[in-house]
Colleague: 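The structure that follows is given in the form of structure tokens.
In what follows, chains carry the letters A, B, and so on, assigned in the order in which the sequence lines appear, proteins first and then strands, with residues in each chain numbered from 1. As the structure is a prediction and not an experimental result, all values here were calculated from the model.
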2 protein chains.
Amino acid sequence: MATNAQRRAQTRGCLINAARHLFAEQGYADTSTEIILSGAGVTRGAMYHHFRNKAELFEAVCDLLSREAMAAIEKAVAGQRGSLATLKAGSLAWVDFMARDDVRRILVVEAPSVLGQERWRALDERYSFPLLREGIREAMEEGALHFSGSAEGLTVLLNGAMNALVLNDPWAENLPRLRQDLLALFDCFSGETP
Amino acid sequence: MATNAQRRAQTRGCLINAARHLFAEQGYADTSTEIILSGAGVTRGAMYHHFRNKAELFEAVCDLLSREAMAAIEKAVAGQRGSLATLKAGSLAWVDFMARDDVRRILVVEAPSVLGQERWRALDERYSFPLLREGIREAMEEGALHFSGSAEGLTVLLNGAMNALVLNDPWAENLPRLRQDLLALFDCFSGETP
DNA sequence: TTGACAAACAGACTACCAGTTTGTTTTTAT
DNA sequence: ATAAAAACAAACTGGTAGTCTGTTTGTCAA
């Protein structure tokens with residue numbers, strides 16, 4: 001005798017968890033709903049009661065991973081002093097999290113295509129993007145960061161640079177080097193590399 | 001009485017052209033091979049004679065669009081004097097081309113997912129990436145660009161920044177502003193904005 | 001408690017679609 | 001001229017996302 005809220009959370013959780021691992025291993029298109037169902041120990045009717053379609057289940061997985069990313073960033077940022085150090089630490093935490101094989105495939109490679117550009121943007125806007133933007137704003141206001149364009153624009157550009165860092169390094173072999181390059185990029189705005 | 005090479009070029013051209021427009025309008029997953037076939041005026045047998053599968057046809061479309069991008073860039077770069085001016089002009093041309101609705105959807109949004117990370121990277125490596133890398137190398141060697149990290153790394157970062165510029169602006173409403181921000185970013189490396 | 005209602009779930013069924021197979025026509029090379 | 005290969009035609013198949021109808025389980029007011 002479980003409450004409805006518990007049943008709901010249980011079923012959704014099983015589906016999201018099974019889907020998460022299968023999407024990470026085989027990709028969205030090559031993961032059949034049937035194998036998700038058997039992995040979750042749930043029936044078709046249950047799944048389509050909780051999610052309108054396969055893509056909506058994928059979006060729920062994206063949401064979960066994004067929340068995990070936020071947690072990792074907040075943890076990395078916790079002990080930092082100064083807006084620039086905070087920004088750097090948070091950015092590196094983001095990169096490290098996104099470089100994980102499962103996360104990269106789902107959030108970086110497939111999400112824009114599966115969710116479509118708009119819903120993908122909305123996802124970003126809900127999580128990491130505002131965090132990065134506020135970090136940049138603060139650093140600019142404190143004078144730790146100099147940029148002649150807009151803070152919003154710089155956020156888009158840096159966000160993309162970090163994304164590329166993950167996307168261009170399929171097996172994370174050059175990650176240490178690229179992390180350094182990212183830090184060097186930040187330093188270009190703080191006037192330390194004339 | 002057409003030669004085989006002509007027949008081949010004709011059939012492939014029709015398929016690629018039809019697929020290009022349909023993929024741009026409805027996306028890869030929602031475009032059935034059947035509608036491509038009727039659009040191209042070609043039968044199933046013909047298509048699967050020239051392409052191993054649907055994804056390979058998509059890749060052919062990507063190749064075509066990438067070549068068109070190269071042409072646009074080379075045209076924009078033609079009259080420029082100086083490595084930095086050349087770099088800026090080429091980058092803006094790349095952004096403007098990729099911001100086109102059809103190009104963005106195919107090359108920026110869907111290609112990483114449909115081709116898979118490796119083949120997508122290979123595509124980039126075949127076209128725009130080397131161009132950008134050489135532009136950056138030259139500018140760095142001439143002293144027009146300063147960066148304490150590697151040229152390769154800076155290429156990855158700038159390439160990603162430009163990608164994000166296109167991806168974060170679904171209806172290109174902020175494109176003029178973002179183009180300015182990109183130029184401001186370049187200036188950070190040339191020591192013009194302390 | 002009970003009874004009406006809604007939420008959660010079960011599983012068969014359908015429409016469609018990517019890729020295969022087998023057979024036919026056209027070009028090429030000897 | 002003829003054998004081989006390239007190009008094409010179209011029927012067919014296995015599998016899959018989403019639907020439909022019906023059943024079970026929880027909720028809440030009287």
Colleague: Test Arg121(B) against every option in Arg119(B), Glu125(B), Glu118(B) by the side-chain contact (heavy atoms from CB on, under 4.5 Å) rule and name the one that passes.
Modeller: Glu125(B)
Colleague: What is the distance from CD1 of Ile35(A) to C1' of dG15(D), rounded to the nearest Å?
Modeller: 13 Å
Colleague: Please give, in whole Å, the distance from dA7(D) C1' to Gln10(B) CD?
Modeller: 13 Å
Colleague: Does dA17(D) have OP1 or OP2 under 4.0 Å away from a side-chain N or O of Thr33(A)?
Modeller: yes
Colleague: Lys54(A) NZ to dG18(D) P: how many Å, rounded?
Modeller: 8 Å
Colleague: For Asp169(A) and Leu175(A), indicate whether the former's side chain and the latter's backbone hold a donor-acceptor pair under 3.5 Å.
Modeller: yes
Colleague: I'd like to know whether Ser148(A) forms a side-chain hydrogen bond (donor to acceptor under 3.5 Å, both in side chains) with Asp187(B), so could you lay out the CA-CA distance, the side-chain angles of the two residues, the decisive distance to 0.1 Å, and finally the verdict.
Modeller: CA-CA 9 Å; Ser148(A) 63; Asp187(B) 288 333; 5.7 Å; no
Colleague: Whole angstrom is fine here: how far is it from CD in Glu34(A) over to P in dG14(D)?
Modeller: 16 Å
Colleague: What is the distance from CG of Asp30(A) to P of dA18(C), rounded to the nearest Å?
Modeller: 14 Å
Colleague: When the distance from CZ of Arg44(A) to C1' of dT19(D) is rounded to whole Å, what number comes out?
Modeller: 10 Å
Colleague: Measure the spacing between CG of Leu185(B) and CZ of Phe189(A) and express it to the nearest 0.5 Å.
Modeller: 5.0 Å
Colleague: Within the distance-only criterion (no hydrogens, no angle test), does the side chain of Asn168(A) pair as donor or acceptor with the backbone N or O of Ala164(A) below 3.5 angstrom?
Modeller: yes
Colleague: Using atom CE of Met47(A) as one end and atom P of dA17(D) as the other, report the distance to the nearest whole Å.
Modeller: 8 Å
Colleague: When every nucleotide of nucleotides 1-9 of chain C is labelled 5' to 3' by its protein contacts under 4.0 Å (heavy atoms), B for base, S for sugar-phosphate only, - for none, what sequence of letters results?
Modeller: ------SBS
Colleague: Which is it for Leu183(A) and Leu92(A) under the side-chain contact (heavy atoms from CB on, under 4.5 Å) test, yes or no, and what are the steps along the way?
Modeller: CA-CA 9 Å; Leu183(A) 292 180; Leu92(A) 288 180; 4.0 Å; yes
Colleague: For the pair made of CG in Leu15(B) and P in dG19(C), what is the distance, rounded to whole Å?
Modeller: 14 Å
